[in-house]
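Let me begin by presenting the structure, written as C-alpha cells, before commenting on it.
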Amino acid sequence: MITGAASMDGAIIVVAASDGQMPQTREHLLLARQVGIQKIVVFVNKVDAIEDKEMLELVEMEMRELLSSYGFEGDETPIIMGSALCALENRQPEIGATQIDNLMNAVDEWIPTPQRDLEKPFLMSVEDVFSIPGRGTVVSGRVERGLLKKDTEIELVGKNKVPIKTKVTDIETFKKSCDESRAGDNSGLLLRGIKREEVTRGMVVVKPGTVTSHKKFLVSMYVLTKEEGGRHTGFHGNYRPQIFIRTAGKS
Ligand SMILES: Nc1nc2c(ncn2[C@@H]2O[C@H](COP(=O)(O)OP(=O)(O)OP(=O)(O)O)[C@@H](O)[C@H]2O)c(=O)[nH]1
C-alpha cells in the first residue's frame with residue numbers, strides 16, 4: 001500500500017463482516033496516518049454471509065473505536081455495509097450494487113478534493129514503463145506537482161548520477177491525448193529517443209535542473225510493533241531493509 005502513497009488523498013479501508021478488524025486493519029490505519037491521510041471511508045464487506053445483525057453493529061462499533069484511537073474521526077467516518085460479491089454477481093442490489101454506489105458517494109462527500117500544487121516545478125514518479133511499437137517509450141505515473149505541456153524538455157532522474165534529458169512528445173491522460181498534464185493526473189508520457197531499458201520504475205520525470213539524485217539522506221523512522229504487524233525480532237548487523245521512496249523500491 002505504501003507504493004505511491006505520497007500522493008494519496010484519502011483511503012477506503014475494507015473489513016470483512018465475518019472477521020471484523022484484523023491485525024492488518026491496524027497496520028493500514030497506522031500507515032495511512034503516517035503518510036498523512038486525514039479522511040478514511042470504511043467498507044464492511046461480506047454482509048451477505050452474516051445472519052446476525054448484532055454482529056454488524058459490533059463490527060461498526062469496533063471500527064469507530066479503532067479509527068478514533070488512530071486519530072481519525074471515528075464517530076463521523078462513513079461506514080458502508082455491503083457485499084462486493086453480490087455486486088459482482090448482480091444479486092441482492094440492496095447490499096450489492098447500491099452499496100458500492102453509496103461507498104463511492106461517501107468517498108466523494110467525505111474525502112475533500114485536494115488542492116493541487118500547480119505552481120511548483122513538475123514532478124512525476126515513474127510507476128510503469130511501456131514500449132509502444134512505432135511510437136517509442138512511454139512512462140506512466142501520477143503527477144505529484146506542477147504542470148507539463150506537450151513538447152517540453154524534461155529530465156529523468158534517479159538511475160544514474162547524470163540525469164537523462166529528453167522531450168515529452170505526447171501526453172495521454174485517461175486514455176485521451178492531451179496538451180498538458182497536471183498535478184493529480186494519472187498520465188502516460190511519450191519520451192523522444194529513449195529506449196525502454198534506460199528507464200525504470202522509481203525514477204522521476206522532472207523539470208530540468210530542479211531535482212538531483214542523492215546517495216545519502218537523513219530519515220526519521222517509525223518501526224511498527226509486532227502488534228501493528230511489524231517485526232517480531234530486533235534488527236541485526238547487516239540488516240538490509242526494503243525501502244520505498246515514491247514508486248521506487250530498493251532492498
Ligand atoms: N460471501 C462473500 N464472499 C466474498 C465477498 N467479497 C469477497 N469474497 C470472497 O472472499 C475471498 C477473498 O477475496 P479476495 O478478493 O481475494 O480478497 P482479498 O482482500 O484480496 O483477500 P486477502 O488479501 O487474502 O485478505 C474470495 O473467496 C472472495 O470470493 C462478499 O461480499 N461476500
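The structure presented is a predicted model; accordingly, all values stated were derived computationally and were not measured. Counting convention: from 1, in listed order, for ligands and their atoms alike.
Look at Arg91 and Glu89 and you find a salt bridge, because one of the NZ, NE, NH1 or NH2 atoms lies within 4.0 Å of a carboxylate O, short of that distance.
Using a heavy-atom distance under 4.0 Å as the criterion, the protein contacts of ligand 1 are Asn45, Lys46, Asp48, Ser83, Ala84, Leu85.
Scored by the side-chain contact (heavy atoms from CB on, under 4.5 Å) test, Pro114 finds Asp9, Arg116 as partners (sequence neighbours excluded).
Pairs of residues two or more places apart, or lying in two chains, that qualify as salt bridge (Lys or Arg N to Asp or Glu O under 4.0 Å) and include a residue from residues 52-77 are Lys39-Glu73, Glu60-Arg64. The side-chain hydrogen bond (donor to acceptor under 3.5 Å, both in side chains) pairs that include a residue from residues 145-155 are Lys149-Glu180, Glu155-Lys165, where partners are two or more places apart or lie in different chains.
Between Val139 and Val205, some side-chain heavy-atom pair lies under the 4.5 Å cut-off. You'll find the side chain of Val206 stays beyond 4.5 Å of the side chain of Ile154, heavy atoms only.
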